[in-house]
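What follows is a short report on a single structure.
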Amino acid sequence: QVQLVESGGGLVQPGASLRLSCGASGFVFSRYAMGWFRQAPGKEREFLAAISGRATSTYYADSVKGRFTISRDNAKNTVYLQMSSLTPEDTAEYYCAAGRDGDPNTVQVAPSSWGQGTQVTVSS
């Protein structure tokens with residue numbers, strides 16, 4: 001059974017950095033692309049970033065390019081999202097997702113599994 005468990009969310013001040021983690025189990029982690037999404041209240045879920053199974057390629061939404069970095073540790077079955085220069089507009093529930101194969105495009109278009117989410121609040 002596929003399980004994705006996010007952690008690392010919390011309340012931070014504007015300008016701060018935060019690293020989210022997503023632990024995976026129930027599948028051969030290194031064979032699948034992984035990604036991060038977020039959903040703010042009253043808004044649609046937004047794609048943020050994706051990384052291929054072997055971490056050879058990454059993709060970012062324009063809204064976070066240069067501020068967020070996705071990475072993974074296949075030995076630990078974990079994908080990370082390093083976020084910097086956070087603003088109140090980054091306040092949202094953050095979700096990790098698994099792709100349907102190693103191609104990160106599959107995460108953005110049609111993820112196969114979702115985590116339960118972790119809340120990030122940016123406020124002074």
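Along the sequence shown, the residues carry numbers beginning at 1.
Taking the six-membered ring for Trp and thresholds of 30 and 60 degrees, Phe68 and Tyr94 have ring planes inclined between 30 and 60 degrees apart.
Residues Leu4 and Phe27 form a side-chain contact, since some pair of their non-hydrogen atoms from C-beta on lies under 4.5 Å apart. Residues Arg38 and Ser63 have side chains in contact (heavy-atom distance under 4.5 Å, counting atoms from C-beta outward). Side-chain contact check for Ser30 versus Val28: some heavy-atom pair is nearer than 4.5 Å. A heavy-atom distance below 4.5 Å is found between the side chains of Val122 and Pro14. Side-chain contact between Val107 and Trp36 is absent, with no heavy-atom pair separated by less than 4.5 Å. Looking at heavy atoms from C-beta onward, Thr106 lies out of side-chain contact with Tyr32 at the 4.5 angstrom threshold.
Closest of all the heavy-atom pairs between Tyr95 and Gly115 is CD2-O, 3.6 Å. Of all heavy-atom pairs spanning Ser85 and Ser17, the tightest one is N-OG, 4.3 Å.
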Is there a side-chain contact (heavy atoms from CB on, under 4.5 Å) between Ser123 and Leu11? Walk through the geometry before answering. CA-CA 7 Å; Ser123 175; Leu11 172 64; 4.1 Å; yes
Should Leu86 and Gln13 be marked as a side-chain contact (heavy atoms from CB on, under 4.5 Å) after you check the CA-CA gap, both sets of side-chain angles, and the distance that decides it? CA-CA 8 Å; Leu86 288 165; Gln13 293 189 338; over 6 Å; no
CA sep, side-chain torsions, deciding dist, call: Val120, Met83, side-chain contact (heavy atoms from CB on, under 4.5 Å): CA-CA 11 Å; Val120 172; Met83 306 184 292; 4.0 Å; yes
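The hydrophobic clustering, which links ILVMFWY residues whose side-chain heavy atoms are closer than 4.5 Å, places Ile51 and Phe47 apart. Cluster membership check: Val79 shares its hydrophobic cluster with Tyr60, using side-chain heavy-atom separations under 4.5 Å among Ile, Leu, Val, Met, Phe, Trp and Tyr. Linking ILVMFWY side-chain heavy atoms closer than 4.5 Å, directly or via other members, places Leu48 and Val12 in a single hydrophobic cluster.
In this structure, the side chain of Gln39 does not engage the main chain of Ala92 through any donor-acceptor pair within 3.5 Å. For the pair Thr121 (side chain) and Thr91 (backbone), a donor-acceptor distance under 3.5 Å is absent. Between the Asn74 side chain and the Gly53 main chain, a donor and an acceptor come within less than 3.5 Å of each other. Distance alone, capped at 3.5 Å, places no donor-acceptor pair between the Ser112 side chain and the Arg100 backbone. Without hydrogens or angle criteria, Ser52 side chain to Ser57 main chain gives a donor-acceptor distance under 3.5 Å.
Note: Met34 CE to Tyr80 OH = 12.0 Å, rounded to the nearest 0.5 Å. In this structure, CD in Gln3 is found 9.0 Å from CD in Gln116, a value given to the nearest 0.5 Å.
A cation-pi geometry, defined here as NZ or CZ lying under 6.0 Å from the six-membered ring centre and within 45° of its normal, holds between Arg72 and Phe29. For the pair Arg45 and Phe37, the NZ or CZ position fails the cation-pi test of under 6.0 Å to the six-membered ring centre and within 45 degrees of the ring normal.
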